[in-house]
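Here is the structure we will look at.
Numbering of residues begins at 1 and proceeds along the displayed sequence.
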Amino acid sequence: MTDNHIADAQAQLDRIIRQAYAAAFPEKELRDFVIEIPKDTSHGDFATNVAMVNTKNVGRAPRDIAAALIEAMDFSGSFFTGAESAGPGFINFRLGQRWFSEAVQAVLDCGRDYGRSDVGGGKKVMVEFVSANPTGPMHMGNARGGAIGDCLAAALDFAGYEVTREFYVNDAGNQIAKFGKSLEARYLQLFLGEEAVEFPEDGYHGEDIKTRAREFADLHGDRYVNAPSEERLQALIAYALPANVEGLRRDLEKYRITYDVWFSEQSLHDSGAVMDAVKLLTSRGMTYEKDGAVWYKGTEMGEEKDEVLVRANGIPTYFAADIAYHYNKFAVRGFDRVIDVWGADHHGHVARMKGAMDAIGLSGDKLDIVLMQLVRLMKDGQPYKMSKRTGKAITLTDLLEEIPIDAARFFFNMREPNSTLDFDLDLAVEETNQNPVYYVQYAHARICSIFKNLAAEGITPRAVTPEELDRLTAPEERELIRQIASLPDEIIAAAHNYDPARMTHYVIDAATLFHKFYNACRVKGEDESLMQARLALCQATRTVLENVLGLLKISAPESM
């Protein structure tokens with residue numbers, strides 16, 4: 001047996017069904033079938049379509065096949081007590097009490113590790129997310145991408161992968177040149193006046209640029225006013241860029257995100273890795289020269305057009321650097337899989353990058369892109385534009401001044417990444433059960449309160465016997481146990497589908513089923529044996545809530 005009681009039960013059923021089929025229809029091929037948990041478990045705990053998918057090769061009606069299979073099934077030594085046919089030929093199975101009791105005990109035994117599995121086999125996976133330009137503060141898209149990427153990485157870790165969280169610092173190229181020109185104009189304006197110094201039309205107009213220019217002026221005075229422009233630009237960028245990167249790091253840590261690696265784009269240029277990638281593509285016949293530039297044969301990889309890799313002036317494009325970066329991830333650092341979390345506006349770049357990995361001799365299939373849709377702030381039921389320091393859009397730091405971090409991380413993970421998200425600012429600060437994160441935290445606090453109140457009366461939980469756990473037979477108890485038993489599978493599904501929203505949905509359902517159990521089943525006041533069994537179920541539920549909230553990096557308060 002493993003800690004995954006859902007998987008154990010499915011494995012038992014698979015074996016029982018195959019043995020029954022071999023006995024009932026020894027000469028007939030067995031086609032693939034599905035074992036699943038029905039939405040309505042009142043009809044059965046598991047169901048299969050095996051009779052329906054084997055109609056043609058057996059040559060009998062599904063209900064006849066189901067009846068023959070049920071007749072041949074042997075449930076001895078398994079979790080199951082029996083089966084019955086339903087509808088057009090489904091077979092429903094009933095779990096015995098032993099499964100429910102052992103499921104609770106598994107949570108108690110595993111504690112903080114409950115929900116972990118080894119399906120990932122220790123494969124090296126990188127999740128690269130946020131990677132905001134260091135030319136200004138992070139915006140709402142970065143806030144959502146941060147929550148999604150961090151929670152996806154946590155799910156992958158729990159599912160048995162060796163996970164690296166990475167931030168790609170875009171510290172090279174046009175945006176840095178524009179950053180320098182913007183800083184230069186603001187710096188010179190401080191000493192020469194705004195009328196005397198024209199600000200670049202395509203420059204960065206945010207207050208953050210003015211702030212960095214003032215800081216630089218406070219440090220160096222007018223020393224660089226009459227210096228050559230190139231020297232002035234280098235000094236300004238050398239000061240402001242690390243300060244901005246440190247600001248990103250600080251803001252993300254406040255958001256409870258820490259990275260294993262901060263990877264510099266400039267380092268790829270400095271090491272020659274970008275031009276090496278271009279040379280490798282050339283050696284594989286994937287480039288050509290035209291008008292003095294080096295072009296990538298994108299059309300040969302199924303793209304609509306070819307792309308410039310090195311401009312006629314000898315400067316590589318961002319696409320060339322991106323190829324070199326992903327080559328570094330796979331070929332140099334040896335990741336088995338790379339997951340990039342990008343904004344939906346990058347959708348056109350997905351096939352291009354995967355194709356480039358094939359072109360350079362790697363596998364584009366090992367590169368996965370999670371495309372994230374936009375966030376729409378809502379207040380009083382209407383779209384809301386909150387403008388603060390930047391004079392443009394709300395930043396991550398603005399948002400975290402308005403709402404709790406717990407709410408931000410939870411809300412941003414309540415929809416699949418590819419779904420547009422309406423972020424309800426009013427609901428995020430509400431301390432009621434309408435607020436989903438409050439609702440879940442309240443379930444945890446309620447369990448803590450049960451233990452605290454009993455401790456005040458001198459009652460403490462103790463180890464329970466299998467026979468005592470066998471007394472957890474109420475429908476509300478069984479529903480709750482099914483939910484907590486499904487956590488390992490939910491984490492695996494979140495990891496495989498790149499959908500951390502499964503975790504918020506799961507924990508909301510767990511809280512709902514606990515509240516339902518709490519209202520239907522008295523913990524105190526029953527005989528001591530049943531009370532201890534129900535305390536064990538409370539403890540198992542608390543563990544599950546803590547583990548999922550921990551994955552989401554959301555607090556689990558003991559009182560509210």
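Within the 3.5 Å criterion, the main-chain N or O of A143 finds a donor-acceptor partner in the side chain of Y255. Although no hydrogens or angles enter the test, the distance criterion places a donor-acceptor pair under 3.5 Å between the side chain of W295 and the main chain of K290. Between the side chain of N244 and the main chain of P134, a donor-acceptor pair closer than 3.5 Å is present. The closest donor-acceptor contact from the side chain of N4 to the backbone of I6 lies under 3.5 Å. R337 contributes no side-chain N or O that, together with a main-chain N or O of M126, makes up a donor-acceptor pair within less than 3.5 Å. With hydrogens and angles disregarded, a donor-acceptor distance shorter than 3.5 Å links the side chain of N54 to the backbone of R31. For the pair D499 (side chain) and A493 (backbone), a donor-acceptor distance under 3.5 Å is absent. Side chain of T504 to main chain of N413: a donor-acceptor pair is present (N/O by atom type, distance under 3.5 Å, no hydrogens or angles).
The ring pair (Phe, Tyr, Trp, His ring centres under 6.0 Å) check on F179 picks up nothing, with sequence neighbours excluded. Residues that satisfy the ring pair (Phe, Tyr, Trp, His ring centres under 6.0 Å) test with Y21, not counting sequence neighbours, are F25. With sequence neighbours left out, the ring pair (Phe, Tyr, Trp, His ring centres under 6.0 Å) criterion links Y318 to no other residue. Listed by chain and number, the residues in a side chain to side chain donor-acceptor pair (under 3.5 Å) with Y498 are D368 (sequence neighbours excluded). In terms of the ring pair (Phe, Tyr, Trp, His ring centres under 6.0 Å) criterion, residue partners of F412 (sequence neighbours excluded) are, by chain and number, F423.
Remark: I491 CD1 to L156 CG distance equals 11.0 Å, nearest 0.5 Å. Taking OG of S117 as the start and CD1 of I492 as the end, the distance is 3.5 Å to the nearest 0.5 Å. The CE atom of M372 sits 10.5 Å away from atom CG of L421, with the distance rounded to the nearest 0.5 Å. In this structure, CG on D251 lies 11.5 Å from CG on L399, to the nearest 0.5 angstrom. For the atom pair L487 CG and Y506 OH, the distance stands at 4.5 Å (nearest 0.5 Å). We find the NE2-CG distance between H269 and D171 to be 8.5 Å, quoted to the nearest 0.5 Å.
Using a 4.5 Å cut-off on side-chain heavy atoms (C-beta onward), P200 and K181 make contact. No side-chain heavy atom of L183 sits less than 4.5 Å from a side-chain heavy atom of Y204. You'll find the side chain of N435 reaches within 4.5 Å of the side chain of F411, heavy atoms only. Between L371 and V341, the closest side-chain pair of non-hydrogen atoms is not below 4.5 Å. Q266 places none of its side-chain heavy atoms less than 4.5 Å from the side chain of N170. No side-chain heavy atom of F46 sits under 4.5 Å from any side-chain heavy atom of T41. Between V261 and R333, some side-chain heavy-atom pair lies under the 4.5 Å cut-off.
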For this session: Before giving the answer on side-chain contact (heavy atoms from CB on, under 4.5 Å), spell out for T317 and V310 the whole-Å C-alpha distance, their side-chain angles and the decisive distance to 0.1 Å.
Result: CA-CA 6 Å; T317 61; V310 185; over 6 Å; no

For this session: Step by step, work out the side-chain hydrogen bond (donor to acceptor under 3.5 Å, both in side chains) result for D336 and Y161.
Result: CA-CA 10 Å; D336 297 299; Y161 295 89; over 6 Å; no

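For D45 and R482, the salt-bridge test passes: some basic side-chain N is under 4.0 Å from an acidic carboxylate O. Ion pairing between a basic and an acidic side chain is recognised when a charged N comes within 4.0 Å of a carboxylate O; D424 and K379 show no such pairing. For the pair R256 and D406, the salt-bridge criterion is met [side-chain N within less than 4.0 Å of a carboxylate O]. Note on E29 versus K56: no salt bridge recorded, every NZ/NE/NH1/NH2 to OD/OE distance being 4.0 Å or above. Taking the charged nitrogens against the carboxylate oxygens, E246 and R249 do have a contact shorter than 4.0 Å, which makes a salt bridge. The pair D340-K329 meets the salt-bridge criterion, since a charged nitrogen lies less than 4.0 angstrom from a carboxylate oxygen. Look at K297 and E307 and you find no salt bridge, because none of the NZ, NE, NH1 or NH2 atoms lies under 4.0 Å from a carboxylate O. A salt bridge between D208 and R212 is absent, with no side-chain N of the basic residue lying under 4.0 Å from a carboxylate O of the acidic one. In this structure, R502 pairs ionically with E490, as a charged nitrogen and a carboxylate oxygen lie closer than 4.0 Å.
With a 6.0 Å radius and a threshold of 12 heavy atoms from other residues, nucleotides or ligands, D40 has its CG atom above the threshold. Counting non-hydrogen atoms of neighbouring residues, nucleotides and ligands closer than 6.0 angstrom, the CD atom of E304 reaches no more than 12 such neighbours. For K254, the NZ atom is densely surrounded, since the number of other residues' heavy atoms within 6.0 Å is greater than 12. Heavy atoms of other residues, nucleotides or ligands lying less than 6.0 angstrom from CG of N57 number more than 12. Heavy atoms from other residues, nucleotides or ligands lying under 6.0 Å from CG of D32 number 12 at most.
Ring planes of W342 and H326: perpendicular class, angle over 60° (limits at 30 and 60°). Note: Y325 and F263 have tilted aromatic rings, judged against thresholds of 30 and 60 degrees for the angle between ring planes.
In terms of heavy atoms, R284 sits closest to D358 at NH2-O, 4.1 Å. Between S555 and L549, the closest heavy-atom pair is O-CD1, 3.8 Å. In plain terms, the two heavy atoms of K354 and L367 that are nearest each other are NZ-O, 2.5 Å. Minimum interatomic distance between M52 and P88 (heavy atoms only, all atoms of both residues): CE-CG, 3.8 Å.
Aromatic pair Y259/F167: ring centres closer than 6.0 Å.
Each side chain to side chain donor-acceptor pair (under 3.5 Å) pair with one or both residues in residues 141-154, not counting sequence neighbours, appears once here: H139-N142, D150-R165, D150-R409, D150-K553.
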